[in-house]
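It should be emphasised that the depicted structure is a prediction, and the values quoted were computed from it without experimental measurement. Residue numbers run from 1 in the order of the sequence given. We count ligands from 1, going down the list as the structure has it; atoms in each ligand are counted the same way.
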Amino acid sequence: MSEAALLAPHDALGRTKEILATLVGFPTISSEGNLDCIAYAHSLLAPLGAKLEVIPDATGRKANLLATIGPDVDGGVILSGHVDVVPVEGQDWSTDPFRLTEYAGRLYGRGACDMKGFVACALAAAPAFADARLARPVHIALTHDEEVGCLGAPRLIAAMAALGRRPAACIVGEPTGMALVEGHKGCFEYTTHFEGLEGHGSRPDVCVNAVFYATRYVAEIMRLAGELRGRAPAGSRFDPPWSTLSVGRLDGGIARNVVPNRCAVEWEFRPVSRSDVDFVWQRLLDLAEGVLLPEMQEVHPEATIITEVIGEVAGLDPVPGSSAVALAARLTGGDAGRAGVVPFGTEAGLFQAAGVPTVVCGPGDIAEAHRPDESIGEDDLAACLAALDRLVPELSA
Ligand SMILES: [Zn+2]
């Protein structure tokens with residue numbers, strides 16, 4: 001064992017705080033680049049012999065980082081965290097949000113809780129993973145653009161699949177106070193654009209009224225919302241227990257006597273199961289492509305209905321007997337039978353959809369996330385470090 005593996009708990013916490021201070025110093029707001037932050041994580045992991053994949057986005061201004069520590073075999077554990085943070089504009093901070101400030105056992109800064117705290121713990125634990133001669137690997141998966149619809153994680157997951165790695169479990173370290181979370185609803189956001197043909201209000205017969213067609217679409221969303229109530233899975237612990245649909249904004253038309261050629265429907269969908277996703281999409285597709293569009297194109301062949309994806313955060317379906325929940329229970333001393341569900345979305349559903357059993361479990365309180373004076377307790381970080389410590393024997397046997 002090297003010195004790093006023998007660090008006293010106090011030193012591990014000190015190292016975690018140093019790393020967290022550096023991470024918070026990169027203002028990785030989702031709309032900005034993150035390459036300096038990713039390069040910093042890379043610089044900590046490369047000397048440990050980690051196999052590193054930098055996975056850039058289409059703009060080249062941001063990247064994910066996938067680090068594998070230990071043998072390149074199946075059965076490893078993913079520690080997943082995003083390094084982007086929400087903006088600070090309009091928020092009244094008492095300190096510089098991009099300078100970690102310590103006060104009375106708490107560490108203040110944007111992202112300290114959501115979720116650079118977990119990322120700092122994983123990076124601080126990395127030397128111990130590297131020294132432990134693991135039988136199965138730890139994968140540290142750092143992503144961009146989680147806060148704007150989990151846009152980075154799919155590329156990281158695809159890269160992992162392309163490398164042929166099949167991990168046994170994924171721990172998404174979003175703040176749960178180290179409690180075990182086995183489920184959350186998805187959050188899908190869309191804008192459906194209807195484009196018809198404009199004209200004088202006296203000649204609707206030669207026009208395609210985009211508002212008319214959009215409202216028929218809205219009426220179907222409303223009908224589906226009612227049907228989803230009856231499809232709530234037995235024993236669902238979500239509140240409400242069924243998948244929900246809502247239209248938040250409808251925008252079309254300019255004046256009473258002008259037939260509108262454009263209308264946009266801004267709607268969202270929070271599914272509790274993947275079967276509800278398929279159910280809703282099939283019905284909306286049947287209506288749009290099977291009924292509305294043919295009618296529109298009969299008058300105006302160029303008419304279109306286009307659904308723009310604003311963000312798709314897949315849900316995490318609770319799975320009875322989940323091996324990921326059981327693993328997190330052993331690491332934290334928690335009770336797998338009491339794993340809960342939360343109302344916020346994470347990247348966990350994406351890992352689960354890729355076939356990796358996944359649990360959400362990380363340090364800090366979600367109530368601290370996104371607010372001014374965001375903070376995490378030193379005790380929260382210490383609890384996370386203790387759990388990561390127990391990962392070494394889990395992966396050694
Ligand atoms: Zn987060």
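- Looking only at its N/O/S atoms, His82 has NE2 as the one nearest to the Zn ion (ligand 1).
- Note on Asp114: counted as a metal contact of the Zn ion (ligand 1), an N/O/S atom lying under 2.8 Å.
- A 6.0 Å sphere centred on CZ of Arg237 holds more than 12 heavy atoms belonging to other residues, nucleotides or ligands.
- Aromatic pair Trp281/Tyr190: ring centres closer than 6.0 Å.
- Between Phe194 and Tyr217, the ring center distance clears the sub-6.0 Å criterion.
- Counting backbone and side-chain atoms alike, Glu146 contributes no N/O/S atom closer than 2.8 Å to the Zn ion (ligand 1).
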Show your working on salt bridge (Lys or Arg N to Asp or Glu O under 4.0 Å) between Glu220 and Arg223 and close with a plain yes or no. CA-CA 5 Å; Glu220 180 68 3; Arg223 228 181 338 264; 2.7 Å; yes
